[in-house]
Amino acid sequence: QVQLVESGGGLVQAGGSLRLSCIASGRTFSLHAVGWFRQAPGKEREFVAGVTWSGDTTTVDTSVKGRFTISRDNAANTVFLQMNSLESEDTAVYFCAAERSYSLPVTSDLYHYWGQGTQVTVSS
């Protein structure tokens, strides 16, 4: 059983930065791949970035490549999403998700555990 809590969202001007955190409970969190997803009003939930259980492999969606970075600290049961050069199109609720896997899922249906989400609003 893994429980996830996101934090770090807020209101920021375009061009600014935010760092989201996903803190997990559960002794097996280090065996889980973690993904960040986002959902804007009226849109489907979409993959943003993911990291394998070990942290050795990461991937980000092309829409945020070069601006967002994902990392994890298994000793602290935490995964981070560093978001730079934010744009108004990045406005959404951001969710972290975890799945016990040696691979790196990139679709929401492959993740079993979800946080409650944190709002990110970018003003232009």
Side-chain angles (χ1 to χ4, degrees):
Q1 187 77 11
V2 174
Q3 294 182 325
L4 306 171
V5 178
E6 303 95 334
S7 64
L11 174 63
V12 64
Q13 289 188 332
S17 297
L18 285 173
R19 187 174 82 155
L20 305 184
S21 298
C22 173
I23 301 175
S25 63
R27 292 180 296 172
T28 62
F29 178 68
S30 62
L31 301 178
H32 289 68
V34 174
W36 281 98
F37 292 79
R38 66 186 180 185
Q39 188 166 18
K43 295 188 177 182
E44 293 186 354
R45 191 169 297 188
E46 62 178 6
F47 176 81
V48 176
V51 59
T52 53
W53 66 276
S54 63
D56 289 346
T57 301
T58 63
T59 189
V60 297
D61 186 74
T62 54
S63 64
V64 303
K65 196 169 186 178
R67 301 188 297 122
F68 290 14
T69 304
I70 187 170
S71 61
R72 70 187 296 162
D73 180 352
N74 281 340
N77 271 15
T78 304
V79 173
F80 303 99
L81 183 67
Q82 178 67 44
M83 306 188 297
N84 299 327
S85 303
L86 283 161
E87 305 168 352
S88 57
E89 291 78 14
D90 297 318
T91 295
V93 178
Y94 284 71
F95 300 88
C96 68
E99 180 64 23
R100 185 162 180 167
S101 174
Y102 289 115
S103 64
L104 182 50
V106 296
T107 58
S108 59
D109 60 315
L110 296 178
Y111 283 90
H112 186 69
Y113 301 104
W114 290 84
Q116 83 290 348
T118 185
Q119 176 70 47
V120 171
T121 303
V122 184
S123 63
S124 57

Do side-chain atoms of [X] reach the backbone of [Y] as a donor and acceptor pair under 3.5 angstrom?
X	Y	result
R72	T52	yes
S101	E99	no
Q39	A92	no

With rounding to the nearest 0.5 angstrom, report the [atom1] to [atom2] distance, [X] to [Y].
X	Y	atom1	atom2	result
L110	S103	CG	OG	8.0 Å
T91	Q119	OG1	CD	7.5 Å
T118	F95	OG1	CZ	9.5 Å

Considering only residues two or more places apart or on different chains, which pairs with a residue in residues 113-124 satisfy salt bridge (Lys or Arg N to Asp or Glu O under 4.0 Å)?
none
Pairs touching residues 84-93 that satisfy salt bridge (Lys or Arg N to Asp or Glu O under 4.0 Å), sequence neighbours left out:
R38-D90, R67-E87, R67-D90
If you count heavy atoms of other groups shown closer than 6.0 angstrom to CD of Q3, is the number above 12?
no
Does the side chain of D73 come within less than 4.5 Å of F80's, by heavy atoms?
yes
Atom of F47, atom of T59 and distance for their closest heavy-atom approach:
CZ-CG2, 3.7 Å
Apart from V48 itself, residues in the same hydrophobic cluster as defined by side-chain heavy atoms under 4.5 Å
V2, L4, V12, L18, L20, F29, V34, W36, V51, V60, V64, F68, I70, V79, L81, M83, L86, Y94, Y113, V120, V122
Provide the full list of disulfide (SG to SG under 2.5 Å) pairs with a residue in residues 8-105, sequence neighbours left out, each pair given once.
C22-C96
Can you pull the disulfide (SG to SG under 2.5 Å) pairs that have at least one residue in residues 34-66, sequence neighbours excluded?
none
Residue pairs fulfilling side chain to side chain donor-acceptor pair (under 3.5 Å) with at least one residue in residues 13-35, sequence neighbours excluded:
S17-N84
Can you classify the ring geometry of W114 versus F37 as parallel (below 30°), tilted (30 to 60°) or perpendicular (above 60°)?
tilted
